[in-house]
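In what follows, every heavy atom counts, from backbone to side chain, and hydrogens, waters and symmetry copies are set aside. Numbering starts at 1 and runs along the sequence shown.
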Amino acid sequence: QVQLVESGGGLVQAGGSLRLSCAASGGIFSINAMDWYRQAPGKQRELVASITSGGITNYADSVKGRFAISRDNAKNTMYLQMNSLKPEDTAAYFCNARILIPGSLFPRDYWGQGTQVTVSS
């Protein structure tokens, strides 16, 4: 049973930093792209950052220069280093991973349960 578990959220003052982690476990053959999404109350879920298995990254304009996504393929873990946090970064942050399990022909998306990030002004 594949599971994604996020950690590292919390309450921080504006200008502060947090580091989120997303650990994948279970019957995993390989992990393709991994992404961080966020969803603020009353808003749609939005893509924050993504990283391919080869380490190519992409960011939403709103976080470029402040956030850094990375992954440790040996540990099946992805990270999001968030610096210079702003109140508008307040949201639940979710990780998504495209995972191929043994015996399957195609990868599918798996989601974590989310971790709350709150930035006070």
With a 3.5 Å distance limit and no angle check, can you tell me whether [X] reaches the backbone of [Y] through a side-chain donor-acceptor pair?
{"X": "Asn73", "Y": "Ser53", "value": "yes"}
{"X": "Arg66", "Y": "Ser84", "value": "yes"}
{"X": "Ser104", "Y": "Pro102", "value": "no"}

Self-check item: Same cluster (ILVMFWY, side-chain, under 4.5 Å), Leu100 and Ile51
Solution: no
Do [X] and [Y] come within less than 4.5 Å of each other through their side chains, counting heavy atoms only?
{"X": "Gln113", "Y": "Cys95", "result": "no"}
{"X": "Met34", "Y": "Arg98", "result": "no"}
{"X": "Tyr37", "Y": "Asp35", "result": "yes"}
{"X": "Tyr110", "Y": "Asn96", "result": "no"}
{"X": "Cys22", "Y": "Trp36", "result": "yes"}
{"X": "Tyr93", "Y": "Met82", "result": "yes"}

Quiz item: To the nearest 0.5 Å, what is the distance between OG (Ser21) and CD (Gln81)?
Solution: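 Answer rounded to 0.5 Å: 9.5 Å.
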Quiz item: Counting only heavy atoms not in Glu46, do more than 12 sit closer than 6.0 Å to its CD atom?
Solution: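 Yes, enclosed.
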Quiz prompt | CA sep, side-chain torsions, deciding dist, call: Tyr79, Leu20, side-chain contact (heavy atoms from CB on, under 4.5 Å) | solution = CA-CA 5 Å; Tyr79 306 96; Leu20 306 183; over 6 Å; no
Quiz prompt | Results of salt bridge (Lys or Arg N to Asp or Glu O under 4.0 Å) for Arg108 - residues two or more places apart only | solution =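 If we apply the salt bridge (Lys or Arg N to Asp or Glu O under 4.0 Å) test to Arg108, skipping adjacent residues, there are no hits.
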Quiz prompt | side-chain contact (heavy atoms from CB on, under 4.5 Å) evaluation trace for Glu6 with Leu80 | solution = CA-CA 10 Å; Glu6 300 103 333; Leu80 186 68; over 6 Å; no
Exercise. Output, in order, the C-alpha distance, side-chain angles, deciding distance and verdict of side chain to side chain donor-acceptor pair (under 3.5 Å) for Asn83 and Ser17.
Key: CA-CA 4 Å; Asn83 300 324; Ser17 298; 2.9 Å; yes
Closest non-hydrogen atom pair, [X] against [Y]:
{"X": "Met78", "Y": "Ile69", "value": "SD-CD1, 3.8 Å"}
{"X": "Ile101", "Y": "Gly27", "value": "CG2-O, 3.1 Å"}
{"X": "Ile99", "Y": "Ala24", "value": "CD1-CB, 4.5 Å"}
{"X": "Arg38", "Y": "Ala91", "value": "CB-CB, 3.8 Å"}

Quiz prompt | Test log, rule side-chain contact (heavy atoms from CB on, under 4.5 Å), inputs Thr52 and Asn32 | solution = CA-CA 6 Å; Thr52 68; Asn32 297 345; over 6 Å; no
Practice problem: Would you please classify the geometry between the Trp111 ring and the Phe94 ring as parallel, tilted or perpendicular, with 30° and 60° separating the classes? | Solution: perpendicular
Quiz item: Taking only residues two or more places apart in sequence or in another chain, which ones pass side chain to side chain contact (heavy atoms under 4.5 Å, CB included) with Val119?
Solution: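 Residues passing side chain to side chain contact (heavy atoms under 4.5 Å, CB included) with Val119: Val12, Ala14, Leu85, Pro87, Asp89, Thr90, Val117.
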